[in-house]
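Beneath this line is the structure, given in structure tokens, with notes to follow.
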Protein chains: 2
Amino acid sequence: MNSNPNLAEVASLIGNPSRAAMLVSLLGGKALPAGDLARAARISPQTASTHLAKMINAGLLIQESHGRHKYFRLANSEVGHALEALQTISPPKPIRSLRESNQLHALQFARTCYDHLAGKIGVALTDRLVEMNFIEKSGKEFILNAKGKTKLHKFGVTVEKSPKSRRCFARQCLDWSERRYHLAGSLGASLTRRLFELKWIENLPDGRAVRVTDAGIKGLSEEFGLHLTIE
Amino acid sequence: MNSNPNLAEVASLIGNPSRAAMLVSLLGGKALPAGDLARAARISPQTASTHLAKMINAGLLIQESHGRHKYFRLANSEVGHALEALQTISPPKPIRSLRESNQLHALQFARTCYDHLAGKIGVALTDRLVEMNFIEKSGKEFILNAKGKTKLHKFGVTVEKSPKSRRCFARQCLDWSERRYHLAGSLGASLTRRLFELKWIENLPDGRAVRVTDAGIKGLSEEFGLHLTIE
DNA sequence: TTCATACTTCGATGATAAACGAAATATTGT
DNA sequence: ACAATATTTCGTTTATCATCGAAGTATGAA
């Protein structure tokens, strides 16, 4: 009679406040260990463990073991997409203060994802690197060409793949909120490190949001033709 | 610290099997009376009434009174979008009868998703619009270019973004049955409305499944190079 | 007015599951 | 080997909420 997929099952999983808190923590795309997720949801590790098991079982999360830590992340981009769609219909304003509202904006605008830059700025900067013909998309990676290598090296970024690390050099990382790719991998990390070093960006007090400084606005414009407008 | 206790609130509303069944019945975009929704969810009118009140309260539904009947429908396209997004990550429901199997096939082939076209046809038509270079993907939207604007305007579609509505003009909506994007937003809705107007598509008796008429097969082929084969 | 239909409110019941303490398992460090 | 840390499993408690019967309100029909 009524249509096929079993909505209620997944929705009820997301519908628990503790699980929802964990899922939101994972929306940044990062994998987090069980303990961190428990803390984020303000519940005991035991309780978190049962929640995580349920979400693994339902295909919402996947698990990677690293020693005694178990890392969890969203199983795929569809899950992130669904969570965001739910957020858009989450009624009036959950936001208790102006400060929280600003924080939320800040996250969408610029944040770190593991160790590289994400959010609107992350995507926009990557776009500029492509447009200026420094990097180009190729499968799941970017390729840094000679022109880009020169430019970024002069800018203070490590442009050689470290031979001992088997980390991907210039991975494409999908930003769910923008649904666009930005630069990750060791190149993305090195570039982001350099931006911190130059104090073009700085960490906001808590969480993973990042602020672009005045020097950053000037610098990104001059070096990469990335013109930011303050909203 | 992290954003949304209300995410859980909405999700838990959708997470009840009875409420989910009612919401899915409303995904076709039509308004239905409380009694019909109770029957669709196989629950008593009293129970349905409390469920509906909760969903009204949370802003998922809106209510119109017509005499002693009260009609309910999805509050806005975002709700429809969120439901579809959840369907993409929901496990399929076992099929119990031939009738259900047929219904499922019809839904996968063509259906309305709140107010725009989805299913094989929805995705295929969107693909054609991209291939014919009328629209192009950009982030989470499509961009309608000059060529597309001319073409669709001539076809009878509203191609201007309504300034007072803050609804997205041409959003990408993830299709649960195809796992691909189709055209949504006010442009998608207007195009779908026009297809109904031309009687190229028509609603099947119950639910949100849609049939492509003979005129539609001819028209879609001639106008958009979309060649349908009857299965 | 009186009856019938559509929906809502109230109260009681029963089932589900979230939470944590206690204890088990697994891994790393000393 | 032993202690420390990270996670899981089990059993118990507790709270929530879906459900429906019964009764109430509102609208339309006879």
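Chain letters run A, B, ... following the sequence lines, proteins first, then strands; residues in each count from 1. None of these values were measured; they are calculated from a predicted model.
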Round to a whole Å and report the spacing from [atom1] of [X] to [atom2] of [N].
X: B:Q46; N: D:dT25; atom1: CD; atom2: C1'; answer: 14 Å
X: A:L61; N: D:dT7; atom1: CG; atom2: C1'; answer: 15 Å
X: A:N16; N: D:dA15; atom1: CG; atom2: C1'; answer: 13 Å
X: A:R39; N: D:dT7; atom1: CZ; atom2: P; answer: 9 Å
X: B:H51; N: D:dA18; atom1: NE2; atom2: P; answer: 5 Å
X: B:N57; N: D:dC17; atom1: CG; atom2: P; answer: 14 Å

Problem set entry | Greater than 12 external heavy atoms within 6.0 Å of A:K140's NZ | no
Problem set entry | Residues A:R193, A:D115; criterion side chain to side chain contact (heavy atoms under 4.5 Å, CB included); working and verdict | CA-CA 8 Å; A:R193 219 176 308 121; A:D115 56 5; 5.8 Å; no
Ionic contact status for [Y] with [X], cut-off 4.0 Å:
X: B:R211; Y: B:E202; result: yes
X: B:K93; Y: B:E100; result: no
X: B:R111; Y: B:E84; result: yes

Exercise. Which two nucleotides bound the region of DNA chain C that has atoms under 4.0 Å from heavy atoms of chain B, read 5' to 3'?
Worked result: C:dA4 to C:dT9
Exercise. Does the side chain of A:S49 get closer than 4.0 angstrom to OP1 or OP2 of D:dT8 through an N or O atom?
Worked result: yes
Exercise. With side chains defined as the heavy atoms from C-beta onward, is the minimum distance between A:V212 and A:L195 less than 4.5 Å?
Worked result: no
For this session: Please confirm whether B:Y114 and B:H81 have ring centers closer than 6.0 angstrom.
Result: no
Exercise. Between A:F155 and A:W200, is the ring centre distance below 6.0 Å?
Worked result: yes
For this session: Within residues 64-74 of chain B, find the residues that approach DNA chain C with a heavy atom at under 4.0 Å, and present them sorted by residue number.
Result: B:R68, B:H69, B:K70
